[in-house]
Amino acid sequence: MITRIGGRHLIFTSLIMCLLSFSPASTLASHPTDYEVVPMPQRIEMQKGEPFVLNGDVQIIAGEDLLQEAGFLQAYLKDLTDLSLSLASKREKKKAYIELAMSPKVTSPEGYVLTIHQKGITIEGGSPAGVFYGIQTLRKSIVGRQIPAAVVTDAPRFTWRGMHLDCSRHFFSTDFIKKFIDLLALHNMNRFHWHLTDDQGWRIEIKKWPKLISIGSQRSGTIIGTNSDIDDGIPYGGYYTQEEARDIVRYAQERHITVIPEIDMPGHMLAALASYPELGCTGGPYQVGHYWGVYKDVLCVSNERVYQFVEDVLTEIMDIFPSEVIHIGGDETPTDKWQQCPKCQALNATFGTATTQNEEFSPLTSRLSPLQAHFTKRVFDFLTSKGRRALGWDEILDGSPQDAMIMSWRGTEPGAKAAETGHDVVMTPTTFCYFDYQQVEDTQFEPSRCGGFIPIEKVYSLDPAPDSLSVKAREHILGAQANLWTEYMTNEAMVEYQALPRMSALSEVQWTQPERKDYDAFKERLTRLTALFELYHYQYAKHLWPDRQMPSRWQF
C-alpha cells in the first residue's frame with residue numbers, strides 16, 4: 001500500500017484513470033443500434049415491430065456456397081458478444097436465425113440487403129462478397145443483444161477500394177500483413193496493393209534469380225533521421241517466400257480482397273542491381289539503398305538480358321498472384337545513366353528523339369522518355385500475352401498503350417487526363433491519400449518524421465470522380481486507394497497509427513455516394529467504430545478524441 005503520494009504517483013494514477021475511462025464496452029453502450037456505420041450504407045429504413053433478440057439459441061443458416069461467410073459471422077459475433085452460435089443449412093421451426101443467401105434481386109455483385117425483424121435476420125447478396133459486406137454492416141451495428149427492425153439496402157460506389165503497403169523500406173511479418181488485411185475487410189475494401197520491391201530491399205522470392213533474396217533483401221544499414229549524414233550500420237532485411245505470399249493471397253481471397261503485387265521498374269531497382277550488377281548500364285558495383293528518395297541507377301533498357309529478367313520475375317509473380325492486374329511501377333525514373341550509356345543512346349537514336357544531355361529528371365515531369373516508353377510497352381505486351389493487365393503510376397501515361405491502367409499519384413489531374421482519354425484510373429493523389437504524411441500540423445509528439453500534412457477531414461473531402469469530369473471519363477474512374485510508404489514507419493504499430501482513422505474516412509469516399517456523406521455525422525459514426533479498433537488491438541491516432549490521448553509532457 002502506498003501511504004505517501006508524490007507528484008510522480010499522482011501522474012501515474014491520473015494516467016491510469018484516463019486509460020480506464022475509455023473502453024470498447026463503454027463506447028458501444030453509449031450508442032444505440034442504428035445501422036449508421038462506417039462506411040455509411042446507401043439506404044437505411046427503420047421498421048415497426050419488435051427487435052430481434054440475439055442469444056445463444058440463434059442459428060446461422062447458410063448453404064455450402066456461403067459457409068465461409070457464415071464462419072466469419074460466427075467468429076465476429078463470438079468476439080462481440082461471447083456467444084457461440086451454431087451453423088445449420090436449414091431453418092428449424094421456432095428457432096431464431098441469421099440467414100445468409102444470394103439473390104438475383106440484388107443486382108450489384110457487391111451489394112446486399114440486410115433485413116432485421118423479430119424472428120430473424122437475413123443478409124442477401126449479389127454474390128458471396130455482397131453477403132460478406134452485409135455481415136460487416138451487421139457486425140459494426142451490434143451494440144447489444146436487441147437489434148431493431150430495419151432494412152438496409154447497400155452497394156458500393158466504386159469497384160476499386162484499396163490500401164497500399166510498402167514492405168521494401170521496412171519489412172513486416174506475415175502475421176501483420178494478415179492483420180492489415182483484416183483491417184481492409186472491416187472497411188469494406190477489396191484491393192491490397194502490396195509494394196514488394198524498391199531500392200532499399202527486394203522482398204519476394206524469385207526462384208530463377210535467387211540472389212534477389214540472398215543479396216537484394218538485405219541492406220547493411222539505414223540512414224538515421226531524414227537523410228542525415230549518419231547511418232546506423234545495422235544490417236536490416238527480410239523477404240517473403242513464395243509459399244508465404246500464396247498464403248497471404250489465400251487469406252485475402254477468403255475476405256474478398258484481391259492482392260495487387262507491385263514490382264517497380266525500370267527505376268527503383270537498386271536492390272535488384274546490387275544482386276545482379278549486369279542489369280545496370282554501368283555494371284556497378286551497387287549496394288542496396290540506405291537512403292530514401294530517388295536513385296539514378298536504373299535498369300539498362302538496351303540490354304536484352306534485362307527483358308529476360310523482367311519476364312522471369314513477372315512469370316513467377318503471376319504464378320503466385322492470380323490477380324488480373326499486375327502493378328509495374330514506372331515512377332521516378334531518372335534518365336542520367338541512359339544518357340551516358342552508348343547502347344541506350346544507340347537504341348534511343350532509332351526513335352528519332354534522342355534524350356539530351358541537359359534534360360534533368362523531375363518527379364513532377366509529365367513527359368515519358370522514349371526509352372522508358374519502349375521498356376514499358378515491352379512489359380505491357382508480355383503481360384497482355386499472359387492474359388493480365390498492367391497498372392502503373394501516372395508517369396507512364398504519355399506513350400503507354402491504350403489499355404494501360406493508371407494510378408494517379410501526382411494529384412488528380414493526371415488521372416482526370418487519363419480518364420478523359422479512355423484509360424482506367426485509380427485515384428491516389430498525394431494531397432489526399434498519402435497516409436505516411438502527418439495527420440496534424442503540430443508534429444512535435446508524432447511518431448513519424450515524414451513531411452506533408454493530410455488531416456482526416458481532407459481525406460474525407462476527396463471525390464475521385466467529380467462532376468467536373470465528363471460522363472465518359474467518370475466511367476473510367478475505378479475508385480481510390482491510400483498509400484503507406486514506410487521510410488519512417490519502423491514498426492507495425494506506426495503503420496496502424498498512420499492508417500487509422502484516416503482509413504475510415506477513405507472507406508466512405510470509396511463506398512458511399514457523395515450525397516450521403518456528412519463529415520460531422522461521420523465523426524460520430526467513427527467514434528463508435530473505434531471500439532472495434534480497441535477490441536482488435538489496433539493502434540490509431542486519437543487527435544479527434546483529446547481525452548484519450550497521453551499527456552504531451554511529463555513533469556517528474
Open item on the list: Between His374 and Phe351, is the ring centroid distance below 6.0 Å?
Closed with: yes

Task: Test of ring centre spacing under 6.0 Å for Trp194 and Phe192 - done: yes

Open item on the list: Below 30° counts as parallel, above 60° as perpendicular, anything between as tilted: where do the rings of Trp511 and Tyr133 land?
Closed with: perpendicular

TODO: Spell out, as yes or no, whether a donor-acceptor pair under 3.5 Å connects the side chain of Arg161 to the backbone of Gly479.
DONE: no

TODO: Determine, step by step, whether Val325 and Arg388 satisfy the side chain to side chain contact (heavy atoms under 4.5 Å, CB included) criterion, reporting the C-alpha distance in whole Å, the side-chain angles of both residues, the deciding distance to 0.1 Å, and the verdict.
DONE: CA-CA 6 Å; Val325 176; Arg388 305 297 182 98; over 6 Å; no

Task: Derivation and outcome, side chain to side chain contact (heavy atoms under 4.5 Å, CB included), residues Phe132 and Glu110 - done: CA-CA 9 Å; Phe132 183 75; Glu110 294 183 296; over 6 Å; no

Open item on the list: With a sphere of 6.0 Å drawn around NZ of Lys523, does it hold more than 12 non-hydrogen atoms of other residues, nucleotides or ligands?
Closed with: yes

- [ ] Kindly give the heavy-atom pair with the smallest separation between Ile456 and Ala505, and that separation in Å.
- [x] CG1-CB, 3.7 Å

Task: Residue that, paired with Gln481, satisfies side chain to side chain donor-acceptor pair (under 3.5 Å) out of His164, His193, Arg191 - done: His193

Open item on the list: We want to know whether Trp338 and Ser369 form a side-chain donor-acceptor pair, criterion being a heavy-atom distance below 3.5 angstrom.
Closed with: no

Open item on the list: For Tyr538 versus Leu183, what's the shortest heavy-atom pair and its separation?
Closed with: OH-N, 3.5 Å

Open item on the list: Test side chain to side chain contact (heavy atoms under 4.5 Å, CB included) on Leu165 and Trp485; report intermediate values, then the result.
Closed with: CA-CA 7 Å; Leu165 181 61; Trp485 301 103; over 6 Å; no

- [ ] Could you pull out the closest heavy-atom pair between His187 and Leu500, with the gap in Å?
- [x] CE1-CD2, 4.1 Å

Open item on the list: Test your reading of the model: is there a side-chain donor-acceptor pair from Asp264 to the backbone of Asp198, 3.5 Å cut-off?
Closed with: no

TODO: Identify the two heavy atoms, one from Pro514 and one from Arg157, that lie closest to each other, and give their separation to 0.1 Å.
DONE: CG-NH1, 3.4 Å

Task: Face-on cation placement of Lys179 at Tyr536 ring, 6.0 Å and 45° thresholds - done: no

- [ ] Walk me through it: do Arg389 and Asp424 pass the test salt bridge (Lys or Arg N to Asp or Glu O under 4.0 Å)?
- [x] CA-CA 11 Å; Arg389 292 190 71 186; Asp424 286 340; 3.2 Å; yes

- [ ] Nearest 0.5 Å please: distance from the OG atom of Ser507 over to the CD atom of Gln136.
- [x] 11.0 Å

Open item on the list: In terms of relative ring orientation, are Phe172 and Phe176 parallel, tilted or perpendicular, with 30° and 60° separating the classes?
Closed with: tilted

Open item on the list: Around atom CD of Gln402, are there more than 12 heavy atoms from other residues, nucleotides or ligands closer than 6.0 Å?
Closed with: yes

Open item on the list: Applying side chain to side chain contact (heavy atoms under 4.5 Å, CB included) to Asp34 and Val143, what does each step give before you reach the verdict?
Closed with: CA-CA 9 Å; Asp34 60 11; Val143 295; over 6 Å; no

Task: Distance in Å, Leu66 CG paired with Ile135 CD1, rounded so as to fall on 0.5 Å steps - done: 8.0 Å

Task: Short side-chain donor-acceptor distance under 3.5 Å, Thr137 and Tyr112 - done: yes

Task: Flag, side chain of Glu36 to backbone of Arg525, donor-acceptor distance under 3.5 Å - done: no

TODO: Show your working on ring-ring contact (aromatic ring centres under 6.0 Å, His included) between Tyr460 and Phe522 and close with a plain yes or no.
DONE: CA-CA 9 Å; Tyr460 195 81; Phe522 161 74; 4.7 Å; yes

TODO: Identify whether the distance between the nearest side-chain nitrogen and carboxylate oxygen of Arg474 and Asp463 falls below 4.0 Å.
DONE: no

- [ ] Please determine, by modelled atom types, if Glu420 and Ser470 share a side-chain donor-acceptor pair under 3.5 angstrom.
- [x] yes

Task: Leu314 and Phe382, any side-chain heavy atoms less than 4.5 Å apart - done: yes

- [ ] To the nearest 0.5 Å, tell me how far Met189 CE sits from Thr258 OG1.
- [x] 14.5 Å

Open item on the list: When you measure from the side chain of Gln200 to the backbone of Glu487, do you find a donor-acceptor pair of N or O atoms at a distance under 3.5 Å?
Closed with: no

Open item on the list: Has Glu395 got a side-chain atom pairing as donor or acceptor with Glu332's backbone, closer than 3.5 angstrom?
Closed with: yes

- [ ] Mind checking the CD-CG spacing from Glu124 to Leu100? Nearest 0.5 Å is all I need.
- [x] 10.5 Å

Open item on the list: Taking Gln539's backbone N and O only, do any of them form a donor-acceptor pair with His537's side chain (distance below 3.5 Å, no angle check)?
Closed with: no

- [ ] Return the minimal non-hydrogen interatomic distance between Ile317 and Pro261, and the atom names on each side.
- [x] CG2-CG, 3.8 Å

Task: Test item: Gln47 side-chain N/O and Glu45 main-chain N/O as donor-acceptor pair under 3.5 Å - done: yes

Open item on the list: Between Arg548 and Thr530, is there a side-chain donor-acceptor contact under 3.5 Å, judged purely by atom types and distance?
Closed with: yes

Open item on the list: Quick check: do Phe380 and Ile396 have side-chain heavy atoms less than 4.5 Å from each other?
Closed with: yes

Task: Derivation of the salt bridge (Lys or Arg N to Asp or Glu O under 4.0 Å) call for Asp436 and Arg449 - done: CA-CA 9 Å; Asp436 48 322; Arg449 295 184 59 85; over 6 Å; no

Task: Ring centre gap for Trp393 and His327 strictly below 6.0 Å - done: yes

Open item on the list: Using side-chain heavy atoms (C-beta onward) and a distance below 4.5 Å, is Cys433 in contact with Val459?
Closed with: no

Task: Student check: side-chain heavy atoms of Ile260 and Trp160 closer than 4.5 Å - done: yes

Open item on the list: Please check: side-chain N/O of Ser408 versus main-chain N/O of Gly411, any donor-acceptor pairing under 3.5 Å?
Closed with: yes

- [ ] May I ask you to decide if the ring planes of His170 and Trp292 are parallel, tilted or perpendicular, using 30° and 60° as cut-offs?
- [x] tilted

Open item on the list: Do the side chains of Asp381 and Lys377 get close enough for a salt bridge, i.e. N-O under 4.0 angstrom?
Closed with: yes

Task: Axial cation check for Tyr240 ring with Arg203, 6.0 Å and 45° limits - done: no

- [ ] State the CE-OH distance between Met489 and Tyr497, to the nearest 0.5 angstrom.
- [x] 11.5 Å

TODO: Measure the shortest side-chain to side-chain distance between Val249 and Pro322 over non-hydrogen atoms and say whether it is less than 4.5 angstrom.
DONE: yes

Task: Cationic tip of Arg255 above Tyr251 ring, under 6.0 Å, 45° of axis - done: yes

Open item on the list: I'd like to know if the side chain of Thr486 and the backbone of Asp166 have a donor-acceptor N/O pair within less than 3.5 Å.
Closed with: yes

Open item on the list: Under 6.0 Å from the ring centre and within 45 degrees of the ring axis: does the NZ or CZ of Lys542 meet both conditions for the six-membered ring of Tyr540?
Closed with: yes

Open item on the list: Is the shortest side-chain heavy-atom distance between Met163 and Met503 below 4.5 Å?
Closed with: yes

Task: His268 side chain to Glu262 side chain, donor-acceptor N/O pair below 3.5 angstrom - done: no

TODO: Taking the side chain as every heavy atom from C-beta outward, state whether Val313 and Ile263 have any pair of such atoms under 4.5 Å apart.
DONE: yes

Open item on the list: Just verifying a value: how many Å separate Ile147 CD1 and Ile98 CD1, rounded to the nearest 0.5 Å?
Closed with: 6.0 Å

Open item on the list: Between Ser168 (side chain only) and Gly201 (backbone N and O only), is there a donor and an acceptor less than 3.5 Å apart?
Closed with: yes

TODO: Measure the shortest side-chain to side-chain distance between Leu184 and Leu186 over non-hydrogen atoms and say whether it is less than 4.5 angstrom.
DONE: no

